[in-house]
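First comes the structure, then the notes that go with it.
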Amino acid sequence: MNKEIYLKLISSALAKMVYEVELRNCISLFDINIIAEDFYKEFLKIIYGYNLINLNILEKNTSAIDLADQVSRIAIQVTSDNSSTKINETIKKFNEKKLHAQYDRLIFLMLIKKKNYTTSFDTEGLFSFSKDTDIIDHLDLIQHIKNKDTLELMLISEFLNQELMLKVGQTTRKQSNEVETIIALIEYLSSNKKVTTKKVDTITDPEDKINRRFKDYSDFLKGLYIELVSLYGEAVKQANEILGLDDVKSLLIRLYLRDISNKYLEQTNGNPREALELLALYFEEQLGASGFEFDKMAIKYYLISETIKCNVFPNIVGEKVGTS
């Protein structure tokens, strides 16, 4: 294929992304926004050479920014809110968190078409910001991409076909069984009284846990979360809203997950990958005992999300958690 055809394929794929975001946000389905963060992490690396990390993997809804290249000192907010208010609020948070000390540039990547901004955005002189070059949308990306050669365009088109078109299609899947599975799992956890009465102090520090304590397995744990969050994140949210858990049941869930996950972690000599598989199998057996048709991957997502929250394999105060 020639350069013109590749450009049309790329433009069509990015336009589809914009359409899907607008459509789903209108009916309060924001799962595609989560997909977009990780998609653009890889896509911007291909077209700009940025080496980005998704900050929301370790801390959900990170304040002010979603993606960051810590070497090039570039921070990116990925958002479907194209209002001037959103931009001003983000700049304010960026300054309050003193992120200007870590990053020289703040970019707003709009998941929908950006507006013609007439507002002056005040950075308080703490960093340089241009509404012309630091607020971008898919049309700006296409303008940059069209200058690439045919081979680069072919690779970009193949990436979009594999990573964007397929993943956007996946999010249309029916969620009823996923929600029912999560509800059944949460009810089982909150009704289980087999918890120790021994007081154990824990520390909620997902970054230390994933990157240091389980550093040999960090890629697997992050990869599993990224793979499943777009498919099951909304199901967990819906299940929690339907159940309306009180503080007592929430505490029972945390205690039970702490005890049983630590048991499997000990059995596997501190291997969280193997322990997570055994834990998932255990809950599959418990839910399946009554003939309930459950979604296996929904169970696995719930467990990996609770791992990130430090309820599964918690960091215990005074316990050696790895080498620095």
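- A donor-acceptor contact shorter than 3.5 Å is absent between the side chain of Ser157 and the backbone of Leu153.
- Between Phe283 and Tyr256, the ring planes are perpendicular. Angles over 60° get that label, and only those under 30° would be called parallel.
- For the pair Thr123 (side chain) and Phe127 (backbone), a donor-acceptor distance under 3.5 Å is present.
- Separation of atoms NZ (Lys215) and CG (Asp208) is listed at 11.0 Å; rounding is to 0.5 Å.
- Side chain to side chain, Asn311 and Arg258 fail the donor-acceptor criterion of an N or O pair below 3.5 Å.
- Heavy atoms of other residues, nucleotides or ligands lying less than 6.0 angstrom from NZ of Lys131 number more than 12.
- Under the 3.5 Å distance criterion, with hydrogens and angles disregarded, a donor-acceptor pair is assigned to the side chains of Ser72 and Asp69.
- Using modelled atom types, no side-chain atom of His138 and backbone atom of Val18 make a donor-acceptor pair closer than 3.5 Å.
- In this pair, Tyr103 and Phe94 present their aromatic rings tilted. The plane angle is within the 30 to 60° band.
- Lys296 is linked by a side chain to side chain contact (heavy atoms under 4.5 Å, CB included) to Glu284, Phe294, counting only residues two or more places apart in sequence or in another chain.
- Tyr50 and Tyr48 have parallel rings, their planes meeting at less than 30° on a 0 to 90° scale where 60° marks the start of perpendicular.
- Under the side chain to side chain contact (heavy atoms under 4.5 Å, CB included) criterion, Lys97 pairs with Ser63, Leu99, sequence neighbours left out.
- Judged by distance alone, the side chain of Thr307 and the main-chain N or O of Leu303 form a donor-acceptor pair under 3.5 Å.
- Checking side-chain atoms of Glu266 against main-chain N and O of Lys263 turns up no donor-acceptor pair under 3.5 Å.
- More than 12 heavy-atom neighbours from other residues, nucleotides or ligands sit within 6.0 angstrom of CG on Asp246.
- With hydrogens and angles left out, the side-chain atoms of Thr79 and Asp81 include no donor and acceptor closer than 3.5 Å.
- Asn51 and Lys41 are not linked by any side-chain donor-acceptor pair at a separation below 3.5 angstrom, with hydrogens and angles left out of the test.
- With hydrogens and angles disregarded, no donor-acceptor distance shorter than 3.5 Å links the side chain of Lys209 to the backbone of Lys309.
- No side-chain donor-acceptor contact under 3.5 Å links Lys115 to the backbone of Asn82.
- Applying the 6.0 Å contact sphere to NZ of Lys249 captures no more than 12 heavy atoms from other residues, nucleotides or ligands.
- Ring centers of Phe108 and Phe129: under 6.0 Å apart, within the cut-off.
- Across all their heavy atoms, Asp137 and Ile112 have their closest contact at CB-O, 3.7 Å.
- Aromatic ring orientation, Phe313 versus Phe214: perpendicular (interplanar angle above 60°, classes split at 30° and 60°).
- Under the 3.5 Å distance criterion, the side-chain polar atoms of Lys148 are matched with a main-chain donor or acceptor of Ile47.
- Residue Asp247 places its CG atom among 12 or fewer non-hydrogen atoms of other residues, nucleotides or ligands, all under 6.0 Å distant.
- Aromatic rings of Phe220 and Tyr225 (six-membered ring for Trp) have centroids beyond the 6.0 Å cut-off, not under it.
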